[in-house]
Amino acid sequence: MHSRQHNRATNPPMSIRTPKIVAALAVLTLQLACANPANDAKQPQSAAASGTSEPYRPRFHFTPDSGWMNDPNGLVYYVGTWHLFYQYYPDSTVWGPMHWGHATSTDLVHWDHQPIALAPDSLGYIFSGSAVVDTANTSGLGSAANPPLVAMFTYHDMAAEKAGSRRVESQAIASSLDSGRTWQKYAGNPVIPNPGEQKDFRDPKLVRDDARNQWVVALAVGDHAEFWGSRDLRSWKRLSTFGAGYGSHAGVWECPDFRPMRVQGSGDTKWVLIQNINPGHPNGGSGAQYFVGDFDGTTFTLDTRFAADVGDGKAIWLDEGRDDYAGVTWSNAPDGRVVFLGWMSNWSYAQQVPTTRWRSATTVPRELTLRLTPRGYRLVTRPVRELEVLRSGEAPIAEGALAGTRELDAHSTPDAVTMELELAFVVSRDAASRAGLELSNPKGERFRVGYDAAAKAYFSDRTAAGKIDFSPDFAPRVSTAARQAAGDTVRMHVLVDVASMELFADDGLQTMTEIFFPSSPFDHAALFSEGGDVKLVGGKVWMLAR
Ligand code: FRU
C-alpha cells in the first residue's frame, strides 16, 4: 500500500452507463467470418477499441472502459446475473480514491458496464470486499419477499493514516434491494471497527456457514487471517485467527477467499482459504497462496493431507505466473459451482504498464475444483466452459515429431492474436528439450510459454516480448513453475488475448498467467521445440472472438 500514490482528492459519485461491450475483434479474415456465421452480427465496439489506438485492449477479458482498476470485489450471482464489482478509480489510470465499479453478465463472457456502485465518503475510500444474498433476511435490511444483497467492504480512512493512527481500516456494509443495481450504505457503519491492533485490517470475504447458522467473514490482518462471526451481518465477534507458522509471510496478507468446497469424487467437504499476499510470489511481487482444511464454526485447521506442504515459509500457489492477484470466488453461484476471477496484474508494475485510457484487465472467469491428489489436496483451475462460445476455426494439430517451429497461420489476425490452444506432447526424459507456444511479430519480439524437460518446469518468457522497460520489475527473468503432475505426457491449455496468456497445465493442476506488451501486435503464433525430441500426441487450436 505504501508505495502507491495516495491521492487525497475525493471524487463525487459518477454515473456511467456505457453500451454493452460487444464484439471487439476488429479484423477477421473473410474465410473465418464465413466459417462462423455467429460472428457476423458482431461488430467492433468503437474505433477506440479497434486495436489501432488501443493496441493492448483485450478482446474477451473484462476491462474498465477508462480509468484504473485493481481487485475484483463483491462477486455475487443473483437471479441469472453474475455481478462483478471492482476496485476502481475513474479519474486516473493510477490508483487513487477507491470506488466499487460494477459490471454484470448473464454468461460470464459478455459484460455490461453499470454505474459505480459505491463511492468514497467521509469514512474513507471503499476498499475490497465481498457480497452475499441474505436469503432469510437475517440482516433485516430487506424483507422475506425481497431479500437484500449485502456487501461488506473496508473503509480506508486517509486522514487517520496521515495522522499515523492504527485505526485506519474498518469493515462496513451496504445493501441492495434492486438486485444489485443500487446500494445503500448502512447507517450503523462501521460494523467491525478497527480493534487498534493492526493498521492492515481489510478485505472482508463473507461466507454462509449453514451448519452453524451463522455468517462468517475472513479478514486479512497484516500477517494473518482472522475469522469473525455474526447472526445478522451487523454485529460481529472475533472467532479465531489463522496463519502463524503456515505459508508465506514475505509480504502483507490481503484479499482472503474462504469457503467450503466439495472434494471431487467423494462425499467430503473441505474449507479452502485463498490468501493473497503482496509481495511474496516465487516469480516476484503479488500472488495467491491457498490452504485446505476444516472449519468447525470457530477455528480453521489445516488438513494433514495439505499441511506438510505449507510449513512456515512454504506455500502452494494458486497461479504460478505473475499476473493473477486478489482473486476471489463468486458467492451464490448456481449448481454448486466455484467460479474464480483474478486481477490480471501485479503491484510490482501495475501502475506503469503501457496502456493509456485504462489500466488492468481481469483474468478469465475460472472454475475451481478441489481434488485429493497423491501429493495431497490441490485446487484445479480451468477456464469456465461458457468461454467456448468464443471459439471459431477449430483446427487439429497433427501428431508426430515437432522439430523447430510450426506456424499456426490460420490463427493470426492482422492486428492481434487471440487464440486457444490445447496441446499434448511427450518429451524424452533426458533430453534438454523445450517446447511450447511462441507468439511473435515482424519486429523480432517474441513471447514463449512452454515446458522445459531438463528443468522439469513450465515457463513463461516475456523477456523479449516487446515493451519491458517501463518497470525493472516487469521482466527481469523468465517465470518458472516446477511441474507437479507425474507422467511423460505434458498437457498445455492456453488462452491468448492480445496482451495476456493464461496457461492451464496438466488439466488445470497448475496455472500460469502473464501479460505482455509487444510494440507491434503478435501476429504470428507457432509451436516450437528445441534441444531434443518432442512428440506431439494431439491438440487443437481455435481463434477466439467475441
Ligand atoms: C489488494 C489491495 C487490497 C485493498 C485494495 C485497495 O490489491 O491492496 O488489500 O483493499 O487493494 O485498492
Side-chain angles (χ1 to χ4, degrees), residues 283 320-322 393-413 416-466 475 477-497 500-516 518 521-544:
N283 283 311
E320 294 172 276
R322 301 193 60 195
E394 175 175 317
I397 290 172
E399 294 180 17
L402 173 66
T405 52
R406 190 197 288 181
E407 294 256 341
L408 296 170
D409 268 342
H411 301 279
S412 301
T413 65
V417 169
T418 58
M419 63 179 287
E420 180 171 1
L421 171 70
E422 279 179 4
L423 194 61
F425 57 89
V426 179
V427 287
S428 53
R429 275 195 185 183
D430 307 318
S433 53
R434 295 150 63 89
L437 171 69
E438 174 179 294
L439 308 175
S440 62
N441 63 19
K443 298 196 167 165
E445 296 167 352
R446 74 172 196 206
F447 169 81
R448 282 182 162 190
V449 57
Y451 180 67
D452 181 330
K456 296 189 171 42
Y458 290 99
F459 66 92
S460 163
D461 182 355
R462 63 185 178 196
T463 58
R477 61 186 170 275
V478 177
S479 296
T480 58
R483 183 169 182 241
Q484 301 298 311
D488 291 340
T489 305
V490 172
R491 290 177 199 284
M492 293 176 52
H493 182 184
V494 181
L495 298 179
V496 174
D497 188 5
S500 69
M501 179 289 303
E502 291 161 280
L503 166 68
F504 305 90
D506 297 315
D507 299 316
L509 197 57
Q510 288 180 273
T511 305
M512 289 186 94
T513 302
E514 299 226 326
I515 57 176
F516 40 75
F522 279 147
D523 54 3
H524 282 87
L527 303 180
F528 75 92
S529 81
E530 58 189 21
D533 286 359
V534 173
K535 189 167 161 266
L536 294 177
V537 292
K540 280 181 190 155
V541 60
W542 297 265
M543 250 183 92
L544 297 176

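- Residues satisfying the side chain to side chain donor-acceptor pair (under 3.5 Å) criterion with Gln510, sequence neighbours excluded, are Glu320.
- Glu422 is linked by a side-chain contact (heavy atoms from CB on, under 4.5 Å) to Arg391, His493, Trp542, counting only residues two or more places apart in sequence or in another chain.
- Qualifying side-chain contact (heavy atoms from CB on, under 4.5 Å) partners for Thr405, counting only residues two or more places apart in sequence or in other chains: Ala526, Phe528.
- Listed by chain and number, the residues in a side-chain contact (heavy atoms from CB on, under 4.5 Å) with Ala485 are Arg483, Asp506, Leu509 (sequence neighbours excluded).
- Between Val426 and Val534, the closest side-chain pair of non-hydrogen atoms is not below 4.5 Å.
- Contact detail for Val490 and Tyr458: the closest heavy-atom pair is CG1-OH, 3.3 Å.
- A search for side chain to side chain donor-acceptor pair (under 3.5 Å) contacts involving Gln484 returns Arg375, not counting sequence neighbours.
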Name each donor-acceptor pair under 3.5 Å that joins a side chain in residues 446-453 to protein atoms two or more places apart or in another chain, with its distance.
residue: Arg448; atom: NE; partner: Glu438; partner atom: OE1; Å: 2.7
residue: Arg448; atom: NH1; partner: Glu530; partner atom: OE1; Å: 3.2
residue: Arg448; atom: NH1; partner: Glu530; partner atom: OE2; Å: 3.4
residue: Arg448; atom: NH2; partner: Glu438; partner atom: OE1; Å: 2.9
residue: Asp452; atom: OD1; partner: Ala454; partner atom: N; Å: 3.1
residue: Asp452; atom: OD1; partner: Ala455; partner atom: N; Å: 3.1
residue: Asp452; atom: OD2; partner: Arg434; partner atom: NH1; Å: 2.9

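- The closest side-chain heavy-atom distance from Leu408 to Arg406 is not below 4.5 Å.
- Checked against side chain to side chain donor-acceptor pair (under 3.5 Å), Ser440 has no partners two or more places apart in sequence or in another chain.
- The closest side-chain heavy-atom distance from Asn283 to Thr480 is below 4.5 Å.
- Proximity of Arg491 to Phe504: side-chain heavy atoms (C-beta onward) are nowhere separated by under 4.5 Å.
- Listed here is the closest heavy atom pair of Thr463 and Ala475: CG2-O, 3.8 Å.
- Two residues are said to be in side-chain contact when any heavy atoms from C-beta on lie closer than 4.5 Å; Leu421 and Ile397 meet this criterion.
- Side-chain atoms of Ser529 never come within 3.5 Å of backbone atoms of Ala435 as a donor-acceptor pair (strictly under, hydrogens ignored).
- Under the side-chain contact (heavy atoms from CB on, under 4.5 Å) criterion, Pro442 pairs with Ser520, Asp523, not counting sequence neighbours.
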Test Glu514 against Ser460 for side chain to side chain donor-acceptor pair (under 3.5 Å), laying out the working first.
-> CA-CA 7 Å; Glu514 299 226 326; Ser460 163; 2.8 Å; yes

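- The side chain to side chain donor-acceptor pair (under 3.5 Å) search around Arg322 returns none, not counting sequence neighbours.
- Residues Ala525 and Met419 share a closest heavy-atom pair of CB-SD, 3.6 Å.
- Between Leu544 and Thr418 the shortest heavy-atom distance is O-OG1, 2.6 Å.
- The shortest side-chain heavy-atom distance between Glu445 and Phe516 does not fall under the 4.5 Å cut-off.
- Side-chain contact between Leu503 and Thr513: absent, with no pair of heavy atoms (C-beta onward) separated by less than 4.5 Å.
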Taking it one step at a time, do Ile515 and Arg462 satisfy side-chain contact (heavy atoms from CB on, under 4.5 Å)?
-> CA-CA 8 Å; Ile515 57 176; Arg462 63 185 178 196; 3.9 Å; yes

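- Between Phe459 and Val478 the shortest heavy-atom distance is CB-CG1, 3.8 Å.
- A 4.5 Å side-chain heavy-atom check between Leu437 and Leu423 finds every atom pair outside the cut-off.
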